[in-house]
There are 2 protein chains.
Amino acid sequence: MTTLKLDQFLPYRLSIVSNRVSSAVASTYQALFGLKIPEWRLVAIIAEGEGATQQALGVATRMDKVTVSRAAAALVERGLIERRPNANDQRSHMLTLTEAGRTLYENVAPKALELESQVFAGFTAAEIKAFRAMLDRIETSAAPFDADRA
Amino acid sequence: MTTLKLDQFLPYRLSIVSNRVSSAVASTYQALFGLKIPEWRLVAIIAEGEGATQQALGVATRMDKVTVSRAAAALVERGLIERRPNANDQRSHMLTLTEAGRTLYENVAPKALELESQVFAGFTAAEIKAFRAMLDRIETSAAPFDADRA
DNA sequence: CCGAGATGGTTTCAGATGAAACGATATAGC
DNA sequence: GCTATATCGTTTCATCTGAAACCATCTCGG
C-alpha cells in the first residue's frame with residue numbers, strides 16, 4: 001500500500017509557502033500603497049521598459065488578460081498610468097507611467113526588495129541562486145502537465 | 001534610483017511557479033478522480049491517521065475552516081468519508097474514510113507521487129532535500145509579515 | 001447549577017480569478 | 001477592395017476563497 005505524507009508532498013508545500021508569502025506581500029502593498037498584486041506587477045513591468053500594450057503585459061506577468069485589463073483600468077483611474085494611442089494598432093494602447101506613477105514606483109520598489117530580503121534573510125547568495133534555478137526548472141517541467149497551458 | 005526586475009523578484013517567481021504546479025495537480029486530480037485539491041488534502045490527512053475532526057483537518061492542511069467544511073461536505077456526499085459522532089464533543093464529528101474512500105486514496109496516492117516525481121525529475125535527492133528545507137525556512141520567516149496570520 | 005464567554009461548524013456575503021462571449025480593428029486570401 | 005478569420009481588449013458569468021455573522025454546544029467562574 002502506498003503511503004503519502006501530505007507534509008512531505010512538494011506540490012502541497014510549495015502551495016502553502018507561496019500562499020503565505022503572497023499574502024504577506026499583498027498585505028504590505030495594500031497597507032503602504034493601496035496596490036493589489038496585479039497592479040503592482042503592471043507598474044513594475046511598465047517601469048522596466050518604455051511602455052507596453054496590455055497584451056505584452058499579460059505575457060510578461062503571466063497573468064490573464066482579464067486580470068491585466070482590470071488592473072490597468074484601476075491604475076488609469078488612480079492616475080498612475082496613461083493610455084496613449086498606439087499608431088500601429090488602434091485596438092490597443094501604449095500604457096506608460098505618469099509622473100505620479102513613476103514616483104510611486106520609486107517608493108514601492110525599495111520596499112519590495114526590503115521585504116524580499118527579510119523573507120529570505122539567512123539565505124546565502126548561493127542558496128538564493130540555487131533556489132531561483134530550481135524554480136525555473138520546476139516551472140518548465142510542470143508546464144506539460146498543466147492542462148490550462150498545454 | 002532603485003530598479004527591480006520582476007522576473008528576478010522571488011515572491012513573484014514563487015507565486016508563478018506554485019500556481020503552475022497547483023494548476024497541473026488540480027487538473028490531474030480533477031480529470032482522474034473528480035477531486036478538488038482541498039478534498040484531496042482531507043482524504044490524505046484522514047488516511048494518515050485514524051480519523052479527525054474538521055478543526056484538526058484545518059490545522060493539518062492549513063486551510064480555512066470554511067474550505068474544510070465545504071470539502072468535507074462534498075466528500076460525505078460522494079460517500080468517500082463518514083461522519084461518526086464524537087463522544088467527547090457533540091459540536092464536532094470524527095471524519096473517517098469509508099471503504100470507497102480508502103480505495104480511492106489507494107489509487108490517488110501513487111498518482112500523486114508519480115506526478116511529483118515528474119515535476120521534480122532531474123533533481124537529485126540532495127537538491128530536493130535542500131529545496132524542502134528552504135521552503136520550511138521561508139514559511140517561517142514570512143509568517144510575521146503576513147497580516148492574516150499575525 | 002447558571003450565565004458569560006469560547007469553540008466547532010455552517011451559512012452568507014464580498015472579492016479575486018479565469019473561461020467564454022462579445023465588439024472593434026487588423027490581416028490575409030481571393 | 002472585400003470577405004473570412006485572427007487578435008486586442010472589455011464584459012459577463014461561474015467558481016473559489018475567506019471574513020463575518022450565526023447557531024449549537026462546551027467550559028469556566030461563581
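Within every chain, numbering begins at 1; the chains are lettered A, B, ... in the order of the sequence lines, protein sequences first and strands thereafter.
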Asks: Is there any protein nitrogen or oxygen under 3.5 Å from a nitrogen or oxygen in nucleotides 20-23 of chain D, and what are the pairs?
Replies:
none

Asks: Under 4.0 Å from OP1 or OP2 of C/dT10: is there any side-chain N or O of B/S69 that close?
Replies: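 Yes, B/S69 has a side-chain N/O under 4.0 Å of OP1/OP2 on C/dT10.
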Asks: Want to settle it: does B/M63 or A/H93 sit nearer the 5' end of DNA chain D, counting the closest nucleotide to each?
Replies: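 The residue closer to the strand's 5' end, by nearest nucleotide, is A/H93.
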Asks: If you check the B/Q54 side chain, which of D/dG18, C/dT10, C/dT17 turns out closest?
Replies: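 Looking only at side-chain atoms, B/Q54 lies closest to C/dT10.
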Asks: Got a sec, which residues hit side chain to side chain contact (heavy atoms under 4.5 Å, CB included) with B/K129, two or more places apart in sequence or on another chain?
Replies: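 Side chain to side chain contact (heavy atoms under 4.5 Å, CB included) list for B/K129, sorted by chain: empty.
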Asks: Measure from CZ on A/R62 to C1' on C/dG18 and round the result to the nearest Å.
Replies: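 So the two atoms are 18 Å apart, to the nearest Å.
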Asks: Send over the distance from B/L57 CG to C/dG8 C1', rounded to a whole Å.
Replies: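 One finds 12 Å between C1' of C/dG8 and CG of B/L57, rounded.
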Asks: Applying side chain to side chain contact (heavy atoms under 4.5 Å, CB included), name anything that partners B/T140, two or more places apart in sequence or on another chain.
Replies: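 B/T140 satisfies side chain to side chain contact (heavy atoms under 4.5 Å, CB included) with no residue once adjacent residues are dropped.
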Asks: Salt bridge or not for B/R132 and A/D7, using N-O below 4.0 Å?
Replies: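 Judged by the 4.0 Å cut-off on N to carboxylate O distance, B/R132 and A/D7 do not form a salt bridge.
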Asks: Identify, with sequence neighbours excluded, every residue that meets salt bridge (Lys or Arg N to Asp or Glu O under 4.0 Å) alongside A/E127.
Replies: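 Salt bridge (Lys or Arg N to Asp or Glu O under 4.0 Å) check on A/E127 returns B/R137.
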Asks: Could you list the residues that satisfy ring pair (Phe, Tyr, Trp, His ring centres under 6.0 Å) with A/F9, not counting sequence neighbours?
Replies: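 Here no residue qualifies.
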Asks: Examine C/dG18: is either OP1 or OP2 under 4.0 Å from a nitrogen or oxygen in the side chain of A/T67? Give yes or no.
Replies: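 Yes, because at least one side-chain N or O of A/T67 sits under 4.0 Å from OP1 or OP2 of C/dG18.
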Asks: Between C/dT17 atom P and B/I16 atom CD1, what is the distance in whole Å?
Replies: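 Result: 11 Å.
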Asks: Of the options D/dC16, C/dT17, C/dG9, whose atoms approach the side-chain atoms of B/K36 most closely?
Replies: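 The nucleotide sitting nearest to the side chain is D/dC16.
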Asks: Send over the distance from B/D64 CG to C/dG15 C1', rounded to a whole Å.
Replies: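 Value for this atom pair: 14 Å.
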Asks: When you measure from every atom of DNA chain D, which of residues 38-51 of chain A have a heavy atom less than 4.0 Å away?
Replies: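 Going residue by residue through residues 38-51 of chain A, none turns out to have a heavy atom under 4.0 Å of DNA chain D.
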Asks: If a pair satisfies side chain to side chain donor-acceptor pair (under 3.5 Å) and one of its residues is in residues 42-54 of chain A, list it, with sequence neighbours excluded.
Replies: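 Those involving residues 42-54 of chain A are A/E48-B/K5, A/Q54-A/R83.
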Asks: When you measure only distances, ignoring hydrogens and angles, does the side chain of A/R70 come within 3.5 Å of the base of C/dG18 through a donor and an acceptor?
Replies: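 By the distance-only test, yes, there is a pair.
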Asks: Could you tell me whether B/R13 and A/E116 make a salt bridge, using a distance below 4.0 angstrom between a side-chain N and a carboxylate O?
Replies: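 Salt bridge between B/R13 and A/E116, a charged N being under 4.0 Å from a carboxylate O: no.
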Asks: Sort and list the pairs that fulfil ring pair (Phe, Tyr, Trp, His ring centres under 6.0 Å) and have at least one residue in residues 11-39 of chain A, not counting sequence neighbours.
Replies: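 Sorted pair list: A/Y29-A/W40.
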Asks: Shorter than 3.5 Å, N or O on both sides, protein versus nucleotides 26-28 of chain D: list them out with atom names.
Replies:
residue : atom : partner : partner atom : Å
D/dC26  : OP1  : B/Q90   : N            : 2.7

Asks: Of the non-hydrogen atoms in B/T96 and B/G51, which two are nearest, and what is the gap between them?
Replies: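 In terms of heavy atoms, the two residues are closest at CG2-CA, 3.9 Å.
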Asks: May I have all residue pairs that pass salt bridge (Lys or Arg N to Asp or Glu O under 4.0 Å) and include part of residues 90-104 of chain B, sequence neighbours excluded?
Replies: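 Sorted result for residues 90-104 of chain B: B/D89-B/R91.
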Asks: Partners of A/S15 by side chain to side chain contact (heavy atoms under 4.5 Å, CB included), sequence neighbours excluded?
Replies: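 A/N19, B/S18, B/S22, B/R41.
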Asks: Can you tell me the distance, in whole Å, between the CZ atom of B/R83 and the P atom of D/dA24?
Replies: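 Whole-Å distance recorded here is 16 Å.
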Asks: Select one nucleotide: of D/dC8, D/dT12, C/dG9, the one nearest the side-chain heavy atoms of B/Q55.
Replies: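 The listed nucleotide nearest to B/Q55's side chain is C/dG9.
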Asks: Can you measure B/N19 atom CG to D/dC16 atom P for me and round it to whole angstrom units?
Replies: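 Between P of D/dC16 and CG of B/N19: 16 Å.
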Asks: Let me have the donor-acceptor pairs involving side chains of residues 64-77 of chain A, under 3.5 Å, with sequence neighbours excluded, atom names and distances please.
Replies:
residue : atom : partner : partner atom : Å
A/D64   : OD2  : A/V66   : N            : 2.8

